[in-house]
A.B. asks: 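Before I ask anything, here is the structure I am working with.
Every chain is numbered from 1 and lettered A, B, ... according to where its sequence line falls, protein lines coming before strand lines.
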Number of protein chains: 2
Amino acid sequence: MVGVRPPTRTRLAPEQRRTQLLDLGVRLLATRSLDELSIDVLAEEAGISRGLLYHYFGGKHAFHEAVVRHAADDLIAQTAPPEGGEPLERLLASVTAYVEYVVANHAGYQSLVKAAASGNDVLREIYEEARSALTGRIFTEDPWGDLIPDTPVNRLLVRGWSAMVEELVLAWVADPAGVPRERLLELAAGSLPALVESAGPGL
Amino acid sequence: MVGVRPPTRTRLAPEQRRTQLLDLGVRLLATRSLDELSIDVLAEEAGISRGLLYHYFGGKHAFHEAVVRHAADDLIAQTAPPEGGEPLERLLASVTAYVEYVVANHAGYQSLVKAAASGNDVLREIYEEARSALTGRIFTEDPWGDLIPDTPVNRLLVRGWSAMVEELVLAWVADPAGVPRERLLELAAGSLPALVESAGPGL
DNA sequence: CATTCTATTGACGTTTGTTCAATAGTGGCA
DNA sequence: TGCCACTATTGAACAAACGTCAATAGAATG
């Protein structure tokens with residue numbers, strides 16, 4: 001006597017359905033990798049059929065790309081650019097916003113970071129753009145022009161610094177281990193001036 | 001009139017075949033991701049049948065794991081621990097060996113880095129072990145005990161620093177852009193003392 | 001209430017990972 | 001030299017997952 005419930009298909013507006021799938025994708029791809037996530041599982045989790053996913057995104061990889069782009073946009077949007085003020089304060093404010101975002105929303109951030117290393121050039125570019133958007137906010141707007149001249153070495157340094165901050169925050173979120181949040185912020189923000197200074201006046 | 005050449009199967013000693021497949025895997029997985037690498041392609045590239053890969057490694061993921069472990073062992077082995085001497089000199093020597101390895105062998109290194117972010121816990125652990133092996137060499141052996149006390153903050157810092165060095169080297173290899181190799185080495189090695197100092201005396 | 005529009009489905013074809021019994025080099029031994 | 005045992009290697013058959021498309025069913029509009 002199996003209850004044969006008529007398959008109630010729920011019909012949504014394309015926009016809603018799209019964001020529903022995107023949000024779900026961000027959450028699922030935070031822990032599993034793409035090939036560990038079967039369409040069947042995703043579809044069942046979302047309460048839809050496999051076909052619908054293809055209707056909206058055209059394929060598995062295209063879906064992944066959309067998910068990553070979604071996460072990147074979210075990151076950029078939620079870490080608002082700091083107001084005017086002292087360079088050091090703006091840096092601290094920016095880093096604080098970044099840390100706050102990663103702490104509150106690190107499922108999405110993990111999705112983004114993982115995608116960057118997954119071989120696909122498109123995904124990597126999305127990640128690069130997001131990072132550029134964050135670092136660019138601080139440095140393209142002049143006030144650091146004196147402190148951090150635009151040289152090849154400093155470009156390299158800033159790139160390395162952002163990788164370090166990412167690692168610091170992710171490691172700290174995974175295990176705060178007696179390091180208060182304030183201290184983390186000091187480390188992240190204070191390290192950039194220290195690095196630039198240690199690099200010396202060179203080229 | 002297709003020449004039906006009898007399929008000459010080449011028979012190797014298990015050890016040779018194993019390393020052949022591993023080396024090939026390292027090279028192929030440096031650019032493609034795992035699910036972009038079909039067994040068919042791998043088999044044809046190696047001149048073997050699909051079945052043989054399963055005989056040696058038991059599966060696609062197991063093969064990936066073996067490849068990553070191969071690359072990690074290679075990295076650890078080839079970046080020999082620096083001899084005795086001044087802490088700063090040992091650090092520089094260690095970083096130099098690391099940079100040298102990445103430059104000469106960055107296919108293998110890319111395989112390793114990519115694997116780390118690919119979701120699988122086993123792969124990530126292999127990567128973590130490799131990194132610990134490199135950083136641990138310098139700091140577990142005492143002489144830095146005075147300069148870099150073993151505190152939670154400094155552990156975090158060293159972790160972040162290694163992520164930065166990795167990013168610096170990979171970015172530099174991809175595009176040296178007017179930064180001489182010597183300068184890169186200075187940046188990588190010199191940044192650690194600068195970071196530790198900037199972190200202040202705190203806990 | 002009928003009709004049109006379209007979000008959604010489910011069955012089908014195709015590709016790709018996996019298994020396993022059969023095959024063929026190779027080295028040892030008479 | 002020639003047979004034999006051992007095992008590296010294969011290829012076909014199986015399973016699972018990706019991708020396609022015509023048919024179906026909500027919902028709004030008149």
A.B. asks: Rounded off to whole Å, could you give me the CD1-to-C1' distance for the A:Ile48 and C:dG10 pair?
C.D. replies: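 So the two atoms are 13 Å apart, to the nearest Å.
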A.B. asks: Step through the shown structure and confirm whether more than 12 heavy atoms of other residues, nucleotides or ligands are within 6.0 Å of CZ on A:Arg32.
C.D. replies: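 It does not: A:Arg32 CZ has 12 such atoms or fewer within range.
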A.B. asks: Let me know the distance between CG of A:Leu52 and P of C:dT9, rounded to the nearest Å.
C.D. replies: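 In whole Å, C:dT9 P lies 6 Å from A:Leu52 CG.
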A.B. asks: Nearest-Å distance, CZ (B:Arg9) to P (D:dT7)?
C.D. replies: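 Whole-Å distance recorded here is 16 Å.
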A.B. asks: Within the sub-3.5 Å range, which N or O atoms of nucleotides 17-19 of chain D have a protein N or O partner, and how far apart are they?
C.D. replies:
| from | atom 1 | to | atom 2 | distance (Å) |
| --- | --- | --- | --- | --- |
| D:dC18 | OP1 | A:Lys60 | NZ | 2.7 |
| D:dC18 | OP2 | A:Ile39 | N | 3.1 |
| D:dG19 | OP2 | A:Tyr54 | OH | 3.1 |
| D:dG19 | OP2 | A:Lys60 | N | 3.1 |
| D:dG19 | O6 | A:Arg50 | NH2 | 3.4 |

A.B. asks: Please write out each protein N/O paired with an N/O of nucleotides 28-30 of chain D under 3.5 Å, distance rounded to 0.1 Å.
C.D. replies:
none

A.B. asks: Under 4.0 Å between a side-chain nitrogen and a carboxylate oxygen: does that hold for A:Glu65 and A:Arg69?
C.D. replies: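 Salt bridge flag = yes for A:Arg69 with A:Glu65.
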A.B. asks: Suppose we call a contact any N or O donor and acceptor under 3.5 Å apart; does that hold for the side chain of B:Arg17 and the base of D:dT9?
C.D. replies: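 Side chain to base: no pair present.
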A.B. asks: Please identify which of these residues, A:Tyr109, A:Tyr101, A:Tyr98, meets the side-chain contact (heavy atoms from CB on, under 4.5 Å) condition with A:Val169.
C.D. replies: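 Of the listed options, the one satisfying the test is A:Tyr98.
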A.B. asks: Heavy-atom nearest nucleotide on DNA chain C for B:Arg11 versus B:Gly51: which residue maps closer to 5'?
C.D. replies: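 Nearer the 5' end of the strand: B:Gly51.
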A.B. asks: Contact class for A:Tyr56 vs. all strands (heavy atom < 4.0 Å): base, sugar-phosphate, or nothing?
C.D. replies: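 The answer is sugar-phosphate, as A:Tyr56 gets under 4.0 Å only of primed atoms, P, OP1 or OP2.
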A.B. asks: Strictly below 4.0 Å, N to O, side chains only: are A:Glu44 and A:Arg50 in salt-bridge contact?
C.D. replies: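 Answer for the salt bridge query: no.
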A.B. asks: Roughly how many Å is it from CG in A:Leu42 to P in C:dT9, rounded to a whole number?
C.D. replies: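 Spelled out: CG on A:Leu42 to P on C:dT9 is 13 Å.
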A.B. asks: To the nearest Å, how far apart are A:Leu21 CG and C:dA7 P?
C.D. replies: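 That distance rounds to 13 Å.
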A.B. asks: Separation of A:Phe57 atom CZ from D:dT20 atom P, in whole Å?
C.D. replies: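 Taking CZ of A:Phe57 and P of D:dT20, I get 15 Å after rounding.
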A.B. asks: With the side chain counted from C-beta on, respond yes when A:Ser33 and A:Lys114 share a heavy-atom pair under 4.5 Å apart, and no when they do not.
C.D. replies: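 Of all side-chain heavy-atom pairs linking A:Lys114 with A:Ser33, none is under 4.5 Å.
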A.B. asks: Is the count of non-hydrogen atoms from other residues, nucleotides or ligands lying under 6.0 Å from A:Glu125 atom CD greater than 12?
C.D. replies: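 Count not over threshold, so no.
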A.B. asks: Taking CG from A:Leu53 and P from D:dT20, how many angstroms apart are they, rounded to a whole number?
C.D. replies: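 One finds 12 Å between P of D:dT20 and CG of A:Leu53, rounded.
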A.B. asks: Give a yes or no on whether a salt bridge exists between A:Arg181 and A:Glu186, defined as a side-chain N under 4.0 angstrom from a carboxylate O.
C.D. replies: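 No, no charged N to carboxylate O under 4.0 Å.
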A.B. asks: Would you kindly give the CG-to-C1' distance between B:Leu12 and C:dA24, to the nearest whole Å?
C.D. replies: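 Rounded to whole Å, this separation is 14 Å.
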A.B. asks: Looking at B:Glu197, I'd like to know if its CD atom is crowded, meaning that more than 12 non-hydrogen atoms belonging to other residues, nucleotides or ligands lie closer than 6.0 Å.
C.D. replies: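 Not more than 12 within 6.0 Å, no.
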A.B. asks: We want to know whether B:His64 and B:Asn120 form a side-chain donor-acceptor pair, criterion being a heavy-atom distance below 3.5 angstrom.
C.D. replies: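 No donor-acceptor contact under 3.5 Å links the two side chains.
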